[in-house]
Amino acid sequence: MSKLTFVRWNKYGGPGEKMFKKGAVGAGLVRGFSVMLAVFFMLGFVVAVTSQPVYNFSTAILVTFLAAAMLGAIKAGAVAGIRGWQHGGMTGVIFGMLLALMGFALGLPIFDPVLITAAMGALGIIGGIIGVNLPRSKRRLLRRNAFM
């Protein structure tokens with residue numbers, strides 16, 4: 001447990017250092033929506049191939065939303081390399097708000113948008129911490145900063 005990094009303290013204003021990396025959150029959102037879209041295509045394939053009369057995917061869709069938010073936050077933390085909780089949490093909250101807005105725009109029944117957004121934010125914080133602590137992300141960050 002001594003090798004995990006929850007917060008890395010360093011001086012702001014160093015070479016290439018930014019307080020918040022928008023590109024990391026964008027990469028996390030792209031990863032989250034890509035995972036969600038892939039799972040929905042698989043669910044659509046199941047509906048097209050099988051001949052069951054009734055499908056109830058509400059639990060599967062909720063789990064897909066939460067897993068996609070967490071995987072997107074892992075990507076955001078890995079790309080950012082620092083403050084994974086901040087980048088992952090922001091990715092989760094933005095992901096939840098976008099899903100709630102899309103649901104309202106399409107007229108879909110949404111269980112509780114505030115609760116879902118808060119859950120995605122909490123999973124995003126956990127995912128961001130995991131993403132920062134991935135060994136490959138640290139090497140990639142060090143190699144990228146060596147050329148700048």
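None of the values given here were measured: they were computed from a predicted structure. For this chain, numbers begin at 1 and follow the sequence in order. Basis for what follows: all heavy atoms, side chains included, without hydrogens, waters or symmetry-related copies.
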Nearest heavy atoms of L134 and A78, plus distance in Å = CD1-CB, 4.4 Å
If you look only at distance, which donor and acceptor atoms sit under 3.5 Å apart when one is on a side chain in residues 90-118 and the other is two or more places apart or in another chain?
{"residue": "T91", "atom": "OG1", "partner": "H87", "partner atom": "O", "Å": "2.7"}
{"residue": "T117", "atom": "OG1", "partner": "P113", "partner atom": "O", "Å": "2.7"}

Is it possible for you to say whether I61 and M70 belong to one hydrophobic cluster, with membership spreading through side-chain heavy-atom contacts below 4.5 Å?
-> yes
Taking all heavy atoms of A27 and all of V79, pick out the closest pair and write down the distance.
-> CB-CG2, 4.2 Å
Between G84 and V132, which heavy-atom pair has the shortest distance, and what is it?
-> CA-CG2, 3.2 Å
How long is the gap from CD1 on I130 to CD1 on I74, to the nearest 0.5 Å?
-> 5.0 Å
I129 side, atom CD1; W85 side, atom CH2 - distance, nearest 0.5 Å | 9.0 Å
Please tabulate, one pair per line, all N/O donor-acceptor pairs under 3.5 Å involving side-chain atoms of residues 28-51, not counting sequence neighbours.
{"residue": "S34", "atom": "OG", "partner": "V30", "partner atom": "O", "Å": "2.7"}
{"residue": "T50", "atom": "OG1", "partner": "V46", "partner atom": "O", "Å": "2.7"}
{"residue": "T50", "atom": "OG1", "partner": "Y55", "partner atom": "OH", "Å": "2.8"}

